[in-house]
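Accompanying notes for the structure given below.
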Amino acid sequence: MIQLNNIRKVYATKDMETVALRDINLTIDTGEFVAVMGPSGCGKSTLMNILGMIDTVSEGQYVFDSEDITDFSEKKLVQMRKANLGFIFQSFNLIDELTVEDNVALPLRYLKVPKSTRESRVREALELVGLNNRARHKPSQLSGGQQQRVAVARAVIADPKLILADEPTGNLDSQNGDDVMELLRLLNEQGSTILMVTHSEKDASKAHRIIRMLDGQIQDDGRSPEKEKAHA
């Protein structure tokens, strides 16, 4: 599904250049659950932004679903992102003024999906995360764990090819964090491809594969033999 070839990302100002990523070669297969780990400043967020089509590479090639998107315009990247990606953020990123069901429906609105279809898919997504009884609530009326489950429902409602999860349990207590990780595991078992940035070894252990980064480079792209066998 994803192939990064010799990726390099440089942020330049008038006075200096900062190399955020260098020599990144990475393949992610359809149906994989991949965790990315490393210390702050190692390049995890930059890699996530490039994979999420929010940022672009300075050098190298990005192939998504067999299509080279390296030189896509910003407008075309936005279209690709809306149609193919779902995002889960550490801070939930829900809109406080909207109800749960309206927050979840947002990706379908951007895709101009008809109202009747939106409503049925919202019900299905909220049922998946166990929040049908909270559809008319506002985010401020929910616990942190419930808000993150709403974010999961929003991420999956458009049936994306790739789910990007950025520290999805970072603002949750251990029980709610476990519940969110169980949701991600279930989604992966149902066929979703997931890439998750995390500082948690416990959360990363749920993935098929852990990528470890340091100083803008991939230090280890190892796979667990048992989980690789299960994934295959």
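Atoms considered below: every heavy atom in the structure, side chains included; atoms not considered: hydrogens, waters and symmetry mates.
The salt bridge (Lys or Arg N to Asp or Glu O under 4.0 Å) pairs that include a residue from residues 4-13 are R8-E59, K9-D55, where partners are two or more places apart or lie in different chains. Applying the salt bridge (Lys or Arg N to Asp or Glu O under 4.0 Å) test to every pair with at least one member in residues 151-173, sequence neighbours left out, gives these pairs: D65-K161. Identified under the salt bridge (Lys or Arg N to Asp or Glu O under 4.0 Å) test for residues 182-204, with sequence neighbours left out: D178-K202, E182-R185, R185-E189, E201-R212. For residues 14-25, no pair satisfies salt bridge (Lys or Arg N to Asp or Glu O under 4.0 Å), with sequence neighbours left out. Listed by first and then second residue, the side-chain hydrogen bond (donor to acceptor under 3.5 Å, both in side chains) pairs that reach into residues 104-113 come to none, sequence neighbours excluded.
Summarising the hydrophobic clusters (Ile, Leu, Val, Met, Phe, Trp, Tyr; side-chain heavy atoms under 4.5 Å, direct or chained), the residues clustered with V10 are V19.
The side chain to side chain donor-acceptor pair (under 3.5 Å) search around S200 returns none, not counting sequence neighbours. For I69, the side-chain contact (heavy atoms from CB on, under 4.5 Å) test picks out M53, Y62, F64, E67, F72, L77, M80, with sequence neighbours left out. The side-chain contact (heavy atoms from CB on, under 4.5 Å) test applied to S73 returns K75, K76, not counting sequence neighbours. Residues passing the side-chain contact (heavy atoms from CB on, under 4.5 Å) test with I95 are E97, L98, N103, L106, sequence neighbours excluded. Residues forming a side chain to side chain donor-acceptor pair (under 3.5 Å) with N132 (at least two apart in sequence, or on another chain): none. Taking V34 as the reference, I28, E32, L195, R209, I211 meet the side-chain contact (heavy atoms from CB on, under 4.5 Å) condition, with sequence neighbours excluded.
Under the 4.5 Å side-chain heavy-atom criterion for Ile, Leu, Val, Met, Phe, Trp and Tyr, I88 and V197 are members of distinct hydrophobic clusters. The cluster map of Ile, Leu, Val, Met, Phe, Trp and Tyr, joined by side-chain heavy atoms under 4.5 Å apart, puts M196 and L4 in different clusters. Hydrophobic clustering, with ILVMFWY side chains joined whenever heavy atoms are under 4.5 angstrom apart, keeps L85 apart from V150. Cluster annotation: V129 and L108 are assigned to the same hydrophobic cluster (Ile/Leu/Val/Met/Phe/Trp/Tyr, side-chain heavy-atom contacts under 4.5 Å, transitive). Hydrophobic clustering (ILVMFWY, side-chain heavy atoms < 4.5 Å, transitive): L21 and V36 are in one cluster.
Screening D68, D71, T70 for a side chain to side chain donor-acceptor pair (under 3.5 Å) with Q61, the sole residue that qualifies is D68.
Not a single donor-acceptor pair under 3.5 Å links the side chain of Q90 to the backbone N or O of A165.
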